[in-house]
Amino acid sequence: MIESGGWRPTAPIANLRKRADILATLRAFFAQRGVLEVETPLLSQAAVTDIHLDSIAADGGFLHTSPEFAMKRLLAAGAGDVYQICKVFRAGEAGRHHNPEFTLLEWYRVGWDYRRLMAEVAELLAQVLDIDVEAEYVSYRDAFMAAVGLDPFAAPVEALEMAADRARLGRAGPLDRDGWLDLLAGGCVYPALGKDRLCFIYDFPESQAALAHVRPDEPPVAERFEVLFNGLELGNGFSELTDAAEQRHRFERDLAYRREQGRAEPPVDGRFLDALEAGLPESAGVAVGVDRIVMLACGAERIGDVTTFTAENA
């Protein structure tokens, strides 16, 4: 039985009005820059292999965790610069800053790299949040060493585990190297970044490249960035990987890891790989959480304060 009053929206109407204003501002930002708004399906026959994400199965396929694969197919077809504001779905995501269904802003710039895109992200967020466009920029390695005292590219797993224990960071079950890095990043590194201003953390370990281009430095680094404000992650972007063979290899590596862990092995998006084979232009892309932007703009504490209905009362 639904509790009395459970029909009401979780967000105050004033916050929903602010949300509408922000959505209008986002669209105006891209219209002024000639970026094409597109829509791609929420339902896909394939799903992400990313070991950090799990898709939600639906009749006939999977609800997408991001419009990334479909939007890159548009890039390969010659669409040029594109953006999209859409609902995305991720299994097991719930909490103060998470809901299984949330709104994502994703855009791609042809001929750009991740550094140029970071500047545009700063422009957009400064405009929407009415904050200074001057941002802090720090490499993943420098931020990690400042907060934890260890080189994330070289420290042994045992040292990472000891650092997490010293910081009293709880965990559920055993972790691999990237698991320890993520735990320390979330518990020690990110909270120290972006104090009342935007912060871009960039050049991640190769093992955390996702769909990013990897630069052959010593050691190799992924041309990936995350943008934060007061320790809250707002977005994740890359210089995009355009090599179909390398992308296929990463998918296969993800599936092998899932197999070892006894997790579901989703079907790989063959059409996306075909698009890479046909030729994805050099480009940079980023996904930004709209709900989190609205939270900051409204001074809200929970994602339910800026969405009409959360998963619990939808």
Side-chain donor-acceptor contact under 3.5 Å, E106 with S66: yes
Pairwise side-chain contact, L276 with D243, heavy-atom cut-off 4.5 Å (strictly under): no
Summary of side chain to side chain donor-acceptor pair (under 3.5 Å) pairs that have at least one residue in residues 217-228, sequence neighbours excluded: Y190-E226, R215-D217, R215-E223, E223-S239, R224-E226, R224-N236
R27 and Q32, any side-chain heavy atoms less than 4.5 Å apart: no
Side chain to side chain, V268 and T49, heavy atoms closer than 4.5 Å: yes
Centroid-centroid under 6.0 Å between Y114 and F238 rings: no
SB check E240 K72 (cutoff 4.0 Å): yes
Side chain to side chain contact (heavy atoms under 4.5 Å, CB included) between F102 and R292, worked out: CA-CA 10 Å; F102 61 99; R292 294 189 178 188; over 6 Å; no
Donor + acceptor pair across side chains of T310, N99 (<3.5 Å): no
Residue pairs involving residues 300-314 (criterion salt bridge (charged side-chain N to carboxylate O under 4.0 Å, His left out); sequence neighbours excluded): R96-E301
Side chains of W107 and E120, donor plus acceptor under 3.5 Å: yes
Ionic contact status for E123 with R33, cut-off 4.0 Å: yes
Beyond-backbone contact of P266 with V48, side-chain heavy atoms, under 4.5 angstrom: no
Ring centre gap for Y202 and F225 strictly below 6.0 Å: no
Greater than 12 external heavy atoms within 6.0 Å of E37's CD: yes
Inter- and intrachain pairs under side chain to side chain donor-acceptor pair (under 3.5 Å), touching residues 267-277, at least two apart: none
Nearest-0.5 Å distance, CG of residue L232 to CG of residue L296: 5.5 Å
Under 3.5 Å: donor-acceptor pair, side chain of Q247, backbone of L241: no
Minimum side-chain heavy-atom gap I293-L129 below 4.5 Å: yes
Carboxylate-amine/guanidinium proximity below 4.0 Å for R197 and D132: no
Min side-chain heavy-atom separation F30-L124 under 4.5 Å: yes
Sub-4.5 Å side-chain heavy-atom contact between L280 and R73: no
Joint hydrophobic cluster, L74 plus Y108, side-chain heavy atoms closer than 4.5 Å: yes
Salt-bridge present (D50, R258; N to O < 4.0 Å): no
Residues R141 and D151 bridged, charged N to O under 4.0 Å: yes
Reference residue R19; test side-chain hydrogen bond (donor to acceptor under 3.5 Å, both in side chains); the match among T307, T308, T103: T103
cation_pi(R253, F251) dist<6.0 Å, angle<=45: no
Whether D165 side chain and R168 backbone form a donor-acceptor pair below 3.5 Å: no
L198 side chain near I131 side chain, heavy-atom distance below 4.5 Å: yes
Nearest-0.5 Å distance, CZ of residue R248 to CZ of residue F272: 11.0 Å
